[in-house]
Amino acid sequence: MGKRNDILVSSAESILSQPASSPCMASEFTDSYRWPPQVNREGRARSLRNSLARVLGWGMPERLSSSRQELLERMAALFEHKTYGSEVTLEKHNRAWQRIYLVEFGVARLYRQSPDKRVSIHHFFDEGCAIWPVFARTRSERNTLCLTTVTPCTVWEADFFPFRDCIKQDGEGAWAHFALSLMEELAEKSTIREFERQTLSAEERYQIMVRDYPELVQRIPDYQLAAWLGVATATFSRLKNGRSRKH
């Protein structure tokens, strides 16, 4: 088992050294280093510390400096472990978003909804992702974003502002480093998806989705995938059935 353990540690270090978590990254994690829900308090606390360390890009928790370990413990103390069913609204538009969520298990969607109930889905978040009010507008009553569970979810959640204050205690520029990483990735993904909508056919966009997000395709209802892809549900069904016949 020695060689296998070395491989797992190397994989874990690679994952934990990544900066703030991004949407749709479940396929990036090795099965051996996923953090499933734990039934005992100690296991859950360890899962939370690991998740926070990875989201912050700090590395393995036990290898941090004493000051960062202390800061990590203070940060972890802000979080509560919650369980939600599917289709539970966590954040809604026209209400200030004031929480940060770490997904332990499950999938949530980030979207906007028009007055006539039409929905534009921006991102799905799954295991290991951090979800927080990235933009200043989102943290005010002018918020236009909604966050809802897709599947039953277990999450760690905390008030956003004390969490931000903790990160700022890590030194000058710490918050900017954390925030910019996710903001850039969200912006890039949004820009790419908009470009694909304008330049690619529905069939081509469907093929990209199946290729890049196979795990999410298996877990998310077709009508939500259709909204994410920017096609009607009937069109999505034809795309899906056409692909099934080819395989």
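Since the model is a prediction, treat every value here as computed from it, not as a measurement.
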Checklist entry - When you look at CD of Q169, are more than 12 heavy atoms from neighbouring residues, nucleotides or ligands closer to it than 6.0 Å? => result yes
Checklist entry - If you measure only the distance, is there a donor-acceptor pair under 3.5 Å linking the side chains of S190 and R193? => result no
Checklist outcome for this item: Taken to the nearest 0.5 Å, the spacing of L56 CG from C166 SG works out to 10.0 Å
Checklist outcome for this item: Excluding I208, membership of its hydrophobic cluster (Ile, Leu, Val, Met, Phe, Trp, Tyr; side-chain heavy atoms within less than 4.5 Å) reads L200
Next on the checklist: If hydrophobic clusters are built from ILVMFWY residues whose side chains come within less than 4.5 Å, do V231 and Y223 share one?
Outcome noted: no
Checklist entry - What residues form a salt bridge (charged side-chain N to carboxylate O under 4.0 Å, His left out) with E73, not counting sequence neighbours? => result R49
Checklist entry - Sequence neighbours excluded, which residues qualify as ring pair (Phe, Tyr, Trp, His ring centres under 6.0 Å) partners of F236? => result Y206
Checklist entry - What is the distance from atom OG1 of T199 to atom CZ of R205, rounded to the nearest 0.5 Å? => result 8.5 Å
Checklist entry - Does the separation of the ring centres of W156 and Y101 fall below 6.0 angstrom? => result no
Checklist entry - Do any pairs count as a side-chain hydrogen bond (donor to acceptor under 3.5 Å, both in side chains) and have a residue in residues 142-153, sequence neighbours left out, and if so which ones? => result Y111-T148, R112-T144
Checklist entry - Parallel, tilted or perpendicular: which describes the rings of W132 and F160, with under 30° parallel and over 60° perpendicular? => result parallel
Next on the checklist: Tell me which pairs pass salt bridge (charged side-chain N to carboxylate O under 4.0 Å, His left out) where either residue lies in residues 146-159, with sequence neighbours left out.
Outcome noted: K82-E157, R99-E157, R99-D159
Next on the checklist: Suppose we screen for side-chain contact (heavy atoms from CB on, under 4.5 Å). Which residues come up paired with D170, at least two apart in sequence or across chains?
Outcome noted: W58, R68, L71, A174
Checklist entry - Can you tell me how far OG of S201 sits from CD of E196, rounded to the nearest 0.5 angstrom? => result 11.0 Å
